[in-house]
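The block underneath contains the structure these notes are about, expressed in structure tokens.
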2 protein chains.
Amino acid sequence: MENLRSLFQVMTRRFGLLNKNCCSVGGCDISLIQSHILYEIDNQHNPSMQQIADTLGTDITTFSRQVQSLVKMNLVKKMPDPADKRISILSLTAEGKFIAGSIDQQMNSFLQEVFSQMNEFEKETVIRSIHLLNNAMAKSNACCKPIQG
Amino acid sequence: MENLRSLFQVMTRRFGLLNKNCCSVGGCDISLIQSHILYEIDNQHNPSMQQIADTLGTDITTFSRQVQSLVKMNLVKKMPDPADKRISILSLTAEGKFIAGSIDQQMNSFLQEVFSQMNEFEKETVIRSIHLLNNAMAKSNACCKPIQG
DNA sequence: TATTTTTACTTGCAAAATGCAAGTAATATA
DNA sequence: TATATTACTTGCATTTTGCAAGTAAAAATA
């Protein structure tokens, strides 16, 4: 079989570059990591610091400081969990939501453009394939888990 | 259509984590960026500094220093291009080849494990799909190019 | 209930990574 | 021959990183 890794390496590099060049929103410059943090806060339900840090595979101390700067930028809110005061629940401010949404739009329109190179059948196949992959990776226990085993 | 971005975000995050946790080889600790550099040097034909830096989307000054440390670690060799003495051609040393190969093996065996979750038809479909994607991204001019437009 | 352990996070610090500005040397162009 | 461009390197200041060591709250244990 051909080299699977190089296939993935090329794909993720390209997507990574897309992510990297994406997306300053009206003068508000967001780093790659910050955009990932915004994305995860937006997509998880009342996530704690630890949860997001784990998802992103970031050290909690680094993450703590990243969140601090996002709070200063008024994009993220930190609320103590009423049931457990050790935990900080993260959420996006209105401005944070706007930025996250705007990045999402830009990324999606870039992806639309990529998919526009394909016919309808190919599109569907590719999307179904990525679902398959994501499921397989989720099931696999040797790798790809947020927390290193 | 569903949110394409989150589909890709999940996939590339998982593969990125795999890459990140990969791969210390016999006590020789290689950072994520370094493993990418080794990979690209191994896969391009007599690449120059600038070429690899562009491929990886890394600033040339940062890249220059990364290469310096890889040279110190005796993994990479730098040879002046006989035809143009400004250019440095990069190559792997024997040790560098060994390390790069070893990382490649680890990554591939992880990926094999992921694909083992699928049946033969699914496997082929997924692989074909990634090829399709890579081609589409290569053709697209709005995004995904090594050099920011 | 009192004590210990664990969890969730924060801060100190030192090392590494980053990128702009400013350099050098070689080549291409006018 | 003079000028511009290219390919890289170094200086420096900033940012990012992660381990060690802290705090405070909750859970587990005695």
Side-chain angles (χ1 to χ4, degrees), chain A residues 16-17 19-22 24 28-38 40-41 44-73 75-91 146-148, chain B residues 16-17 19-22 24 28-38 40-41 44-73 75-91 146-148:
Chain A
L17 288 170
N19 242 312
K20 197 174 180 179
N21 296 344
C22 227
S24 34
C28 184
D29 270 343
I30 300 287
S31 77
L32 181 61
I33 330 109
Q34 288 175 338
S35 86
H36 277 93
I37 295 175
L38 295 182
E40 285 304 327
I41 293 177
Q44 291 187 27
H45 179 68
N46 292 338
S48 71
M49 301 264 299
Q50 196 62 249
Q51 267 172 50
I52 306 267
D54 284 348
T55 305
L56 297 176
T58 314
D59 187 272
I60 185 70
T61 69
T62 303
F63 184 77
S64 172
R65 277 178 273 246
Q66 289 283 2
V67 168
Q68 278 170 40
S69 44
L70 287 170
V71 168
K72 259 186 210 145
M73 294 163 83
L75 302 179
V76 167
K77 230 186 326 185
K78 243 162 77 178
M79 296 273 284
D81 185 333
D84 184 339
K85 288 168 199 163
R86 291 170 304 178
I87 297 174
S88 287
I89 301 293
L90 299 174
S91 59
I147 303 169
Q148 183 168 9
Chain B
L17 289 169
N19 241 313
K20 197 175 179 180
N21 297 344
C22 229
S24 34
C28 184
D29 270 342
I30 299 288
S31 76
L32 181 60
I33 329 111
Q34 288 175 339
S35 86
H36 277 93
I37 295 175
L38 295 183
E40 285 303 328
I41 293 177
Q44 291 185 28
H45 178 67
N46 292 337
S48 69
M49 301 265 298
Q50 198 62 251
Q51 267 171 51
I52 306 267
D54 285 347
T55 305
L56 297 176
T58 314
D59 187 272
I60 184 71
T61 69
T62 303
F63 184 77
S64 171
R65 277 179 272 246
Q66 289 284 2
V67 168
Q68 277 170 42
S69 44
L70 287 170
V71 168
K72 258 186 212 146
M73 295 162 82
L75 302 179
V76 167
K77 228 186 329 184
K78 243 162 78 177
M79 296 274 281
D81 186 333
D84 183 340
K85 288 168 199 162
R86 292 169 303 177
I87 297 175
S88 287
I89 301 294
L90 300 174
S91 60
I147 303 169
Q148 184 169 7

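Here is the naming used below: chain letters follow the sequence lines, and residue numbers restart at 1 for every chain.
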Could you tell me the separation between the [atom1] atom of [X] and the [atom2] atom of [N], rounded to a whole number of Å?
| X | N | atom1 | atom2 | value |
| --- | --- | --- | --- | --- |
| A:Ile89 | C:dC9 | CD1 | P | 8 Å |
| A:Leu32 | C:dT18 | CG | P | 12 Å |
| B:Ile52 | D:dA7 | CD1 | C1' | 15 Å |
| B:Ile30 | C:dA16 | CD1 | C1' | 15 Å |
| B:Leu90 | D:dA7 | CG | C1' | 12 Å |
| B:Phe63 | D:dT9 | CZ | C1' | 13 Å |
| A:Gln66 | D:dG18 | CD | C1' | 13 Å |
| A:Gln50 | C:dT10 | CD | P | 10 Å |

Next item on the list: Please figure out whether A:Ile33 or A:Pro82 has its closest DNA chain D nucleotide nearer the 5' end.
Entry: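 Its nearest nucleotide being more 5', the pick is A:Ile33.
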
Next item on the list: Specify the residue among A:Ser69 and A:Asp81 whose closest nucleotide of DNA chain D lies further upstream toward the 5′ end.
Entry: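 Whichever sits nearer the 5' end wins; that is A:Ser69.
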
Return the nearest nucleotide to the side chain of [X]; candidates are [options].
| X | options | value |
| --- | --- | --- |
| A:Gln68 | D:dT9, C:dT11, C:dA17 | C:dT11 |
| A:Asp84 | C:dA26, D:dA25, D:dC8 | D:dA25 |
| A:Lys85 | D:dC8, D:dA26, C:dT11 | D:dA26 |
| A:Arg86 | D:dC8, C:dC9, D:dA27 | D:dA27 |

Margin query: Go nucleotide by nucleotide along DNA chain C from the 5' end; which of B:Gln34 and A:Met49 gets its closest nucleotide reached first?
Written below: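 Looking at the nearest nucleotide for each, A:Met49 comes out on the 5' side.
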
Next item on the list: Only counting residues at least two apart or in another chain, list the ones meeting side chain to side chain donor-acceptor pair (under 3.5 Å) with A:Asp59.
Entry: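 Once residues adjacent in sequence are excluded, the partners of A:Asp59 under the side chain to side chain donor-acceptor pair (under 3.5 Å) criterion are A:Thr61.
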
Notebook entry, point to check: Considering the options B:Gln44, B:Glu40, B:Gln50, which one meets the side chain to side chain donor-acceptor pair (under 3.5 Å) requirement together with B:Thr55?
Noted result: B:Gln44

Notebook entry, point to check: Is the closest side-chain heavy-atom distance between A:Ser64 and A:Met49 below 4.5 Å?
Noted result: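 A side-chain contact under 4.5 Å exists here.
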
Next item on the list: Report yes if some heavy atom in the side chain of A:Lys77 is under 4.5 Å from a heavy atom in the side chain of A:Val71; otherwise report no.
Entry: no

Checklist line | B/S/- contact track for nucleotides 19-24 of chain C, protein heavy atom under 4.0 Å | finding: BBB---

Notebook entry, point to check: Is there a donor-acceptor contact under 3.5 Å from the side chain of B:Gln34 to the main chain of B:Ser31?
Noted result: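 Such a contact is found between B:Gln34 side chain and B:Ser31 backbone.
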
Check: Does NZ belonging to A:Lys85 count more than 12 external heavy atoms closer than 6.0 Å?
Finding: no

Margin query: As a test of understanding, state which of A:Ile89, A:Leu75, A:Ile52 forms a side-chain contact (heavy atoms from CB on, under 4.5 Å) with A:Ile41.
Written below: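 The option that passes is A:Ile52.
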
